[in-house]
Amino acid sequence: MKRHFDVLVIGAGSAGSVVASRLSEDETCRVGLIEAGTMPDDPDIADPLKWTMIQGRAYDWAYRTVPQPFTANRIHEWPRGKIVGGSSCLHAMAYVRGHPDDFAPWAQAGGERWSYRGLLPGFIRGEAFTAFEGPTRGRKGPLDVYLPDAEVSPVVRAYIAAGTAIGVPTLTDHNSGELVGTSPNSLNIRDGKRLSVADAYLPPEVMARPNLTLLTGHEVEHLVLDGHKITGAIMVCEGETRTVSADRIVLCAGAVSTPLILMRSGIGYPDTLKQAGIRCLADRTEVGRNLQDHLLALGNVYAAKKPVPPSRLQHSESLMYLHSGDPTRASGSPDIALACVVAPSAAEGLAAPPYGSAFTILCGVTHPTSRGSITPSGPGRNDAPIIDPHYLETEHDRAVFREALKMARTVGHHAALDEWREAEVLPGLAVQSDGELDAFIAKAASTHHHPAGTCRMGRDAEAVVDPDLRLNGFDNAFVVDASVIPTIPSGPINAAVVAIAETWAALPIGRP
């Protein structure tokens with residue numbers, strides 16, 4: 001039987017959960033929500049301490065990059081959620097909006113609604129933040145934003161004290177004003193358990209709406225094109241091919257899957273599609289390009305003088321956003337980030353001490369200038385994508401990363417951490433020259449799980465979506481997810497993705 005909806009939302013991750021929930025508030029709007037994965041049934045997902053252990057399980061797309069020349073020719077694992085809730089079921093739960101200046105390029109690309117001021121109502125509408133009241137904070141939204149206090153590790157408190165001692169601003173949290181500075185991480189945790197975006201926006205009372213239909217286990221093969229419209233999607237579920245049609249299509253499959261679905265449907269750069277055995281139906285050169293991601297070096301590891309108590313949160317308890325040239329500067333978008341992990345954290349191939357005997361300071365670049373791409377290797381949904389993020393390709397990225405590692409060591413060797421630090425294990429004090437630091441970073445740099453930008457928004461003819469997030473060249477199709485981001489914000493992108501979805505769903509264009 002062929003199903004038809006007023007709106008078909010493809011992808012039940014962070015963006016799709018918001019869009020489907022908000023649009024289905026209108027009882028007259030029949031919303032179909034398509035998800036390749038299933039409902040969560042692994043109890044480990046809810047345990048904040050197990051987020052590093054659940055990657056690679058059945059609900060992970062388990063993507064891999066091609067070898068990266070500037071990260072020691074390594075292939076990087078790219079976990080992405082194949083589950084209701086998407087990657088918000090896998091991520092580290094940190095909630096960081098970004099610096100207001102991060103959104104200036106968004107406003108240039110799409111207008112004032114995508115500036116920080118324009119997105120602020122979406123941020124407020126989405127969150128339930130109860131630590132304190134403020135004019136920029138939401139208290140009644142679906143998504144809990146928890147600011148820990150008593151649970152923060154004594155190691156992390158010493159790390160924060162080290163930052164403060166060198167002049168780093170101390171913040172109440174990362175989302176109430178300037179981002180630059182140090183604070184315990186705000187987390188999407190409720191009652192001690194992970195809160196995915198689907199948990200927040202698709203609770204049982206929402207799923208009970210008669211006008212909202214969730215179809216799980218449906219993998220999209222391709223979209224159905226009819227001139228300037230997309231009329232539906234061809235999907236496979238349990239080996240059976242099914243067609244779902246709709247008056248309006250909203251792609252929310254994320255920065256990896258959304259461009260792949262478009263390209264498998266014949267929407268993309270003709271030469272790229274031809275190489276994958278796909279007939280080009282709509283020439284859209286930028287689909288799959290402009291790929292951006294954050295890297296963190298795993299890591300600047302320190303053996304401890306005494307046992308490091310287990311984290312009571314999710315291991316990585318505090319981010320520190322800084323200007324590499326002046327850690328005391330309190331304003332403007334930061335160019336580096338540090339993070340304190342209450343555990344040894346080392347990239348594959350680097351030896352780390354046993355758990356409980358060490359702590360780590362991660363470091364990375366907030367605004368990488370390297371740009372990569374995602375392309376299909378073949379015409380079918382089971383053909384592995386070619387993911388080439390071009391990590392550390394630019395001299396800017398390599399130079400700023402080097403400064404980030406130097407800053408991590410400045411904090412790690414500060415007297416405020418003397419009570420805990422026995423010795424630096426990685427990279428080790430013998431590593432001092434810029435060349436040696438670069439070589440270590442190449443071995444240690446790992447994804448921070450923030451892919452974005454592959455269907456960028458813009459006013460120009462080459463942009464994949466316009467300022468209304470409408471797919472250029474099509475009257476009734478939209479992209480609402482991390483792929484539309486033109487330039488990556490400073491921190492974890494999930495908070496911004498929720499705000500994008502909230503903002504779009506509140507627009508007249510978002511309503512049938």
Side-chain angles (χ1 to χ4, degrees), residues 42-57 77 79 90-94 146-163 165 182-187 189 192-194 296-320 337-364 405 407-431 440 443-449 492:
D42 182 348
D44 287 350
I45 293 174
D47 186 342
L49 287 171
K50 293 184 177 177
W51 75 270
T52 61
M53 307 174 193
I54 60 178
Q55 298 168 7
R57 298 189 185 180
E77 304 290 339
L90 298 180
H91 69 2
M93 293 152 281
Y146 175 63
L147 181 61
D149 184 8
E151 306 97 322
V152 176
S153 165
V155 177
V156 172
R157 293 186 185 280
Y159 152 86
I160 291 174
T182 184
S183 166
N185 290 340
S186 296
L187 303 167
I189 288 178
K193 295 182 179 180
R194 171 197 295 275
L296 287 177
L298 312 183
N300 182 207
V301 180
Y302 296 88
K305 288 180 177 178
K306 54 186 177 181
V308 175
S311 174
R312 297 165 63 190
L313 295 164
Q314 39 63 278
H315 305 296
S316 179
E317 298 185 7
S318 175
L319 287 156
M320 187 183 298
L338 311 184
C340 188
V341 180
V342 192
S345 184
E348 184 178 0
L350 297 176
Y355 184 84
S357 70
F359 62 94
T360 308
I361 300 178
L362 310 180
C363 60
L405 179 53
M407 187 62 68
R409 293 174 113 178
T410 296
V411 173
H413 286 275
H414 193 274
L417 276 161
D418 284 354
E419 177 186 357
W420 292 100
R421 182 192 60 256
E422 176 67 35
E424 181 182 296
V425 176
L426 290 174
L429 293 181
V431 175
F440 173 75
K443 295 177 182 178
S446 301
T447 179
H448 201 17
H449 313 292

message: More than 12 heavy atoms of other residues, nucleotides or ligands under 6.0 Å from NZ of Lys305: yes or no?
response: yes

message: Within the structure provided, determine whether Ser318 and Val152 are in side-chain contact (heavy-atom separation under 4.5 Å).
response: no

- prompt: Should Pro353 and Val425 count as side-chain neighbours, where that means a heavy-atom distance under 4.5 Å?
  reply: yes

query: Below 4.5 Å, heavy atoms only, C-beta onward: do Ile54 and Ile45 meet side chain to side chain?
result: yes

- request: Could you tell me whether Asp149 and Arg312 have a side-chain N and a carboxylate O separated by less than 4.0 Å?
  value: no

field: Partners meeting ring pair (Phe, Tyr, Trp, His ring centres under 6.0 Å) with Tyr159 (sequence neighbours left out)
entry: none

message: What I want to check is whether the side chains of Arg194 and His91 have a donor and an acceptor closer together than 3.5 Å.
response: yes

- prompt: Does any non-hydrogen side-chain atom of Arg409 lie less than 4.5 Å from one of Glu424?
  reply: yes

ring-ring contact (aromatic ring centres under 6.0 Å, His included): pairs with one or both residues in residues 297-316, sequence neighbours excluded: Tyr302-Phe359, Tyr302-His413

message: For the CG atom of Leu338 and the SG atom of Cys363, what is their distance to the nearest 0.5 Å?
response: 6.5 Å

From Leu187 atom CG to Leu147 atom CG, the distance as rounded to the nearest 0.5 Å: 8.5 Å

Shortest non-hydrogen separation from Asn185 to Leu319 and the atoms involved: OD1-N, 2.8 Å

- prompt: Which atoms form the tightest heavy-atom contact between His414 and Ala162, and what is the distance?
  reply: CB-CB, 3.8 Å

task: Would you give the length of the straight line joining atom OG of Ser316 to atom CG of Leu296, rounded to the nearest 0.5 angstrom?
output: 8.0 Å

field: Heavy-atom closest pair, residues Ala92 and Gln314
entry: O-NE2, 2.8 Å

- prompt: Do side-chain atoms of Ser153 reach the backbone of Glu151 as a donor and acceptor pair under 3.5 angstrom?
  reply: no

query: How close do Phe440 and Leu405 get, heavy atom to heavy atom, and via which atoms?
result: CD2-CD2, 3.8 Å

- request: Would you indicate whether the side-chain heavy atoms of Val308 and Ser357 approach each other to under 4.5 Å?
  value: no

- line: Between Thr360 and Ala343, the two heavy atoms sitting closest are OG1-O, 2.6 Å

- prompt: How close do Arg57 and Asp42 get, heavy atom to heavy atom, and via which atoms?
  reply: NH1-OD2, 2.6 Å

NZ or CZ of Lys306 within 45° of Trp420 ring axis and under 6.0 Å: yes

